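Per chain, numbering begins at 1; letters A, B, ... match sequence-line order. Just so you know, these numbers use all the heavy atoms, side chains as well, and skip hydrogens, waters and symmetry mates. This structure is a prediction, so every number in the text was calculated from the model and none was measured.
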Number of protein chains: 4
Amino acid sequence: MPRPSNGDLRRAILDAARSALLEKGYTQLSLRPLARSVGCTATSIYLHFPNKDGLIHALIDEGMDLLHERLEAASSGVGDPEARVRALTRAYLDFGIEQSEYYEIMFMLHPERMERYPAEKYRKARRNLDLFAEALAGLTGRSVAELQLPATIIWSSLHGLVALLIARRIDIRLNRDALLDEAVEQAVRLAAGWRKPAAGPPPAATRPAP
Amino acid sequence: MPRPSNGDLRRAILDAARSALLEKGYTQLSLRPLARSVGCTATSIYLHFPNKDGLIHALIDEGMDLLHERLEAASSGVGDPEARVRALTRAYLDFGIEQSEYYEIMFMLHPERMERYPAEKYRKARRNLDLFAEALAGLTGRSVAELQLPATIIWSSLHGLVALLIARRIDIRLNRDALLDEAVEQAVRLAAGWRKPAAGPPPAATRPAP
Amino acid sequence: MPRPSNGDLRRAILDAARSALLEKGYTQLSLRPLARSVGCTATSIYLHFPNKDGLIHALIDEGMDLLHERLEAASSGVGDPEARVRALTRAYLDFGIEQSEYYEIMFMLHPERMERYPAEKYRKARRNLDLFAEALAGLTGRSVAELQLPATIIWSSLHGLVALLIARRIDIRLNRDALLDEAVEQAVRLAAGWRKPAAGPPPAATRPAP
Amino acid sequence: MPRPSNGDLRRAILDAARSALLEKGYTQLSLRPLARSVGCTATSIYLHFPNKDGLIHALIDEGMDLLHERLEAASSGVGDPEARVRALTRAYLDFGIEQSEYYEIMFMLHPERMERYPAEKYRKARRNLDLFAEALAGLTGRSVAELQLPATIIWSSLHGLVALLIARRIDIRLNRDALLDEAVEQAVRLAAGWRKPAAGPPPAATRPAP
DNA sequence: CATGAATGAGCTTTCATTCAT
DNA sequence: CATGAATGAAAGCTCATTCAT
């Protein structure tokens, strides 16, 4: 995969780094092989990024933006509240599987292992959580503020599936599509469980069944 | 932290490695600082483990056994099926949080990045999944065989929460205890959703509600 | 011995390695002391050679070329067949003694102990053997093809002397010049022994005297 | 090859070291693998030898004795002077090929690379050279004293062949037996060349042919 | 915008050797 | 006679990074 001669070297480096990251992981990604794979010298990388971490940060940024786009695109036109939640969860899982290179550096890296990481960047992740909270609000009739915890619960259940798939910890004999379908439906059921009670038993979220 | 002069060096190495792994990760864990922290030389590590990977494998083994003990201890005496599932999920989350050093090595390391990993060792992880499937069987009246997928769904939702907590990706303003309580209850609700229908609507596992 | 600041570092490394090899041998030659002796860091060596073996290979190459030059220079202008053989043998011995650093790397290192050795390089050694075979052809009236074995015999007898001298196994009370003179003359006599018989006894090469 | 339980550990170590030396060479021979191959611990080696070099020295001693036995056995009963020289050379080559493990440490190791080597031990090698000189004396009618140089010439030509064979520098397409036969006959011819002239042309050793 | 040369710190691993038992 | 535990030194090699050009 030779570097596009007239093209954007920064872009090429980012792309190569992204796929190398998936194979090697953050700490095993090294700049010289990376540079070789993209057809430039290691030194050139420093012309486009302050250092190795800066390169990763740029990728995380990109990934966060990409995920946001995907989630918005998937849910924007959907009117029905439940369908909206379903669309969001499905889009999240799809992103995690298709863009696992991004996903891993975005959500599976320890912040304390990346020195000099600007914590500010993680706030971009909040935007994505908010999309879930807003969809939940539409479905449950509750405020976004009081749905932070439920949204986190749903997000983490989706994250768990993606993370185990990426780490290859899921029994390969399970049908992956069935697994994803089921995960989506259960997430939707979970979401519906937080509906504001018109009349009837309070949802588990507020009070466990006696 | 001077080496316990009379003690078991192997034990001390394992303990030091476990906590070092949590803050450094696998590839950044290096043997010389590790040895220094435990009060021996790097060479001594090779008297007790064949190499760096062997050290990690020993930790994974220990962790798997420890988790199994915890899960069994938590659920063994519990008769009520729902309470049993609740106890299991709670024990799993507790393990992940209290023993996050073990947890990360066990479930958050990429197998392909650890060369020479004996695939056989991953089978120990299966035992733990089986505990969930068995508890589900008690609750739902289904066979363990047909509950592999639901058990995986529940496991992955628990894993997601633990993983995000360990990676410090959860908003710290959320009440952690409430989060865990909620996660447990939702897992139990999920589990109950797979109950074999006596008469009535088919469970979500086989066909989503229309 | 500070590094020649303006000069060719690669050249300096090769030179230092060549003499270090003579006193240390291949396996005891280590890169850090080598680098220190040449005034650079060990890492710098890897800028000029792929690895330790690559460095040695470069030396072997050089040595083979140098020997070839010497042999050709010594024999090129010599018309008389016997004088030609004499010049070749003398030049070979001289090379072995004067360039014993090269000689040892070229002929006294076990190939199986140098991993990753490109077998192709050994073909350069053949060129030198061919020079002997050709000179023998001129002297004996035989074809180069049927002189491979005699050429090898002569070569190995010269090699034996050089090797023992380098390894300091020859009694130091022997007059070295007399030894060399004698070796040359005996080699020439050997060579003459393979002369094609015009009429008379068959040469020893084809059938030992009864 | 497990260690003979009741047997001589020292003997087992020597045997294992001898064959390991051929594969690995002196500097790459390491004591722990050696100990493992013989079924004892590395520490045990130090009970029988002062250190690694001491082990090698013992082997060299053994080898020198063995070669001496072989040469004496081969030549002792032979009356005819020429046949005696032939038997000696043949025995030398055979030893070098069959006992190449011994041969290499005896003659192909640099003394200065083996620290603490007692130079005194090399004198054993002289005994073997003397056997050649004595046989030459029988053949040529000269004194042993004036045959030191010719004996060295013959020895070195034999050594050259053995050394190149051990180092695998000889073209494998050459017939090895023919090569050895030829080497023996040429050595005999060389030897005969030093015959004291009854009447006739002076031998090459004292004056080259005009 | 890009490079080649260079560096110092660091890595995992192996070595010969010692010592208390 | 033999061991297991331990060590300090050193090995080859790779790393992210810098600097003059």
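Judged as a ring pair (Phe, Tyr, Trp, His ring centres under 6.0 Å), and not counting sequence neighbours, the contacts of D:Tyr103 are D:Tyr92, D:Phe107, D:His159. Scored by the side-chain contact (heavy atoms from CB on, under 4.5 Å) test, B:Glu101 finds B:Arg18, B:Ser19, B:Leu22 as partners (sequence neighbours excluded). When the side-chain hydrogen bond (donor to acceptor under 3.5 Å, both in side chains) test is applied to C:Ser44, the partners found at least two apart in sequence or on another chain are C:Thr41. The side-chain contact (heavy atoms from CB on, under 4.5 Å) search around B:Arg32 returns B:Arg36, B:Ala42, not counting sequence neighbours. Scanning for side-chain contact (heavy atoms from CB on, under 4.5 Å) contacts around A:Tyr46 gives A:Leu31, A:Asn51, with sequence neighbours left out. With sequence neighbours excluded, the residues that form a side-chain contact (heavy atoms from CB on, under 4.5 Å) with D:Ala20 are D:Leu29. In this structure, D:Arg10 has no side-chain hydrogen bond (donor to acceptor under 3.5 Å, both in side chains) partners at least two apart in sequence or on a different chain.
With the 3.5 Å cutoff on both pairing distances, Watson-Crick and G-U pairs in DNA chain F assemble into runs of at least 3 at E:2-21 with F:2-21.
Side-chain N/O atoms of A:Thr41 include one lying less than 4.0 angstrom from OP1 or OP2 on E:dT3.
With respect to the salt-bridge test (charged N to carboxylate O, under 4.0 angstrom), the residues B:Glu62 and B:Lys124 do not qualify.
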Please write out each protein N/O paired with an N/O of nucleotides 18-21 of chain F under 3.5 Å, distance rounded to 0.1 Å.
unit_1 : atom_1 : unit_2  : atom_2 : d
F:dT18 : O4     : A:Thr43 : OG1    : 3.3

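For C:Arg32 against F:dA10, a side-chain-to-base donor-acceptor contact under 3.5 Å is absent.
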